[in-house]
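Labels below follow one simple rule: chain letters A, B, ... track the order of the sequence lines, proteins then strands, and each chain is numbered from 1.
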Number of protein chains: 2
Amino acid sequence: MNSTDTRERILQNMFLDIRKHGFQGLRADKVVADMGITKGALYHYFGNKQAIGKAVIDEIIRPNYLAFYHELDQSNDNPIPRLKEHLDYLSEQATDEDVTLGCPLNNLVQEMSPLDEDFRLRMKNIIDLIQQSVAAALERGKKAGFVRAEVDSQAIGRFFFSSIEGSYSLGKVSKSGAAFKSNMELLKTFLDGLEKP
Amino acid sequence: MNSTDTRERILQNMFLDIRKHGFQGLRADKVVADMGITKGALYHYFGNKQAIGKAVIDEIIRPNYLAFYHELDQSNDNPIPRLKEHLDYLSEQATDEDVTLGCPLNNLVQEMSPLDEDFRLRMKNIIDLIQQSVAAALERGKKAGFVRAEVDSQAIGRFFFSSIEGSYSLGKVSKSGAAFKSNMELLKTFLDGLEKP
DNA sequence: TTGACAACATACCAACTAGTATGTATCTTT
DNA sequence: AAAGATACATACTAGTTGGTATGTTGTCAA
């Protein structure tokens, strides 16, 4: 097991613990202790607690969230079915246990935005990219004749993302994947309304 | 200044600090120190930190959030304009500064749901009441001929609340009241689609 | 084969944090 | 007016938290 392995393993476990306890609730030394290693290893790879949080956002959360939207950016298909497929994919993931832990990005946004400007900007960047990706896909869809011309793509981009995050929030407090899925279904019918008849 | 005043003042300041720093980030002794009083007063009124959180939820957040929906429960008007008016009201409140601090309920939901089952259930109760209130209003609206018969009132109740919370989330990370308002406008047009033509 | 560096382990610590124990002034009740 | 009870203030503390200083061991190039 080489050094990058250890770093990756630490990061993964930090990610999981942050999702459960929040960043402020993260006890980094306990996490590594549970892994069978010590603070020596931890502070060898990360200068301080903040660096752990940043690495989790940049190296785990960001690529995971942007994967779908990078694909979307490449596509010239009708964006409406594409977006709906993504919502279906999120619904599939949404077990009670998963939803109960909340959306990792949303969790951090809520907790850290007012506390740390650096964290906030990193997360805002991810969210902006998602919105822009959706908006751009809708604009391409307009040109290709899939999407109604009067649609405000920017506004839909915001609303789309917000609805997903809000649904995670509801699912979290309800401990209910079903509540999340119900909202995804409604969001899909909302998207249908954007399609050119 | 009588005793209840002091208790109320403590609670208000705790509410504000929790909104900024989260419950885990709350430094109760610092808050009272900034008020010019000491831990003696604090622990005279509240047994421990948990009790502060519960009192904030029950005595500040809950009545504040339920006020509109209690009114809604009483009304037999067309619920669609009513709900839209509420969204307008939320939009008016939504300055950049306000949105940046986030929705107090959503903040706590995100932070505390996985950490404290008692907190979670108190918050879930508030949210359930909101959803039920919206759903019941839509059902009355159906009977009175305002609302399309095929509307799934329960699902709309969930989606309505989730959209608002998600919009606060977006506004918070963006530090933008405008983003929140944009979403409220979209949610209003969504509500319009539920009305009987 | 040696020396330099990476990859950890161990032992410590200062600051913080929630909470307690105890004291005191004021107010209320009898 | 005496006797609690209430409303705080002050001083202390045990446990926690994030972090550091200093090892030790393996690796790998010169």
Quiz prompt | Distance test, side-chain N/O of T6(B) to OP1/OP2 of dA7(D), below 4.0 Å | solution = no
Self-check item: Residue pair L129(B) / H70(B), side-chain heavy-atom distance below 4.5 Å
Solution: no
Quiz item: R7(A) CZ to dA7(C) C1': how many Å, rounded?
Solution: 14 Å
Quiz item: Between D116(A) and R122(A), is there a salt bridge with N-O shorter than 4.0 Å?
Solution: no
Quiz item: What about the rings of F190(A) and F159(B), do their centers lie closer together than 6.0 Å?
Solution: no
Quiz prompt | H44(A) side chain, from C-beta outward: closest of dA6(C), dA9(D), dA7(D) | solution = dA6(C)
Quiz prompt | Protein proximity profile, nucleotides 12-18 of chain D - base contact B, sugar-phosphate-only contact S, no contact -, cut-off 4.0 Å on heavy atoms | solution = -----SB
Quiz item: Out of dA7(C), dT10(C), dT10(D), which nucleotide sits closest to the side chain of Y45(A)?
Solution: dA7(C)
Below 3.5 Å, can you tabulate the donor-acceptor pairs from side chains in residues 142-151 of chain A to any protein atom, sequence neighbours excluded?
unit_1	atom_1	unit_2	atom_2	d
K142(A)	NZ	E139(A)	OE2	3.0
K142(A)	NZ	A149(A)	O	3.3
K142(A)	NZ	V151(A)	O	2.6
R148(A)	NE	E150(A)	OE2	3.2
R148(A)	NH1	G193(A)	O	3.4
R148(A)	NH1	E195(A)	O	3.1

Self-check item: Whole angstrom value for the distance that separates C1' of dT20(C) from CZ of F46(B)
Solution: 18 Å
Exercise. Can you spot which of L26(A), D17(A), I18(A) makes a side chain to side chain contact (heavy atoms under 4.5 Å, CB included) with V56(A)?
Key: I18(A)
Quiz prompt | Nearest-angstrom distance from the residue atom CD1 of I52(B) to P of dA18(C) | solution = 9 Å
Quiz item: Quick one: I37(B) CD1 to dT10(D) P, roughly how many Å, whole number?
Solution: 12 Å
Quiz item: Using a heavy-atom distance cut-off of less than 4.0 Å, which residues of residues 110-122 of chain B contact DNA chain D?
Solution: none
Exercise. Using atom CG of L42(B) as one end and atom C1' of dT17(C) as the other, report the distance to the nearest whole Å.
Key: 13 Å
Exercise. Look at the aromatic rings of F180(A) and Y168(A) and report parallel, tilted or perpendicular, splitting at 30° and 60°.
Key: tilted
Quiz item: Does F23(B) have K49(B) sitting over its ring (NZ/CZ under 6.0 Å from centre, angle to axis within 45°)?
Solution: yes
Quiz item: Taking side chain as C-beta onward, heavy atoms only, is Y65(A) less than 4.5 Å from C103(A)?
Solution: yes
Practice problem: Taking atom types as modelled, find out whether K172(A) and N107(A) have a side-chain donor-acceptor pair closer than 3.5 angstrom. | Solution: yes
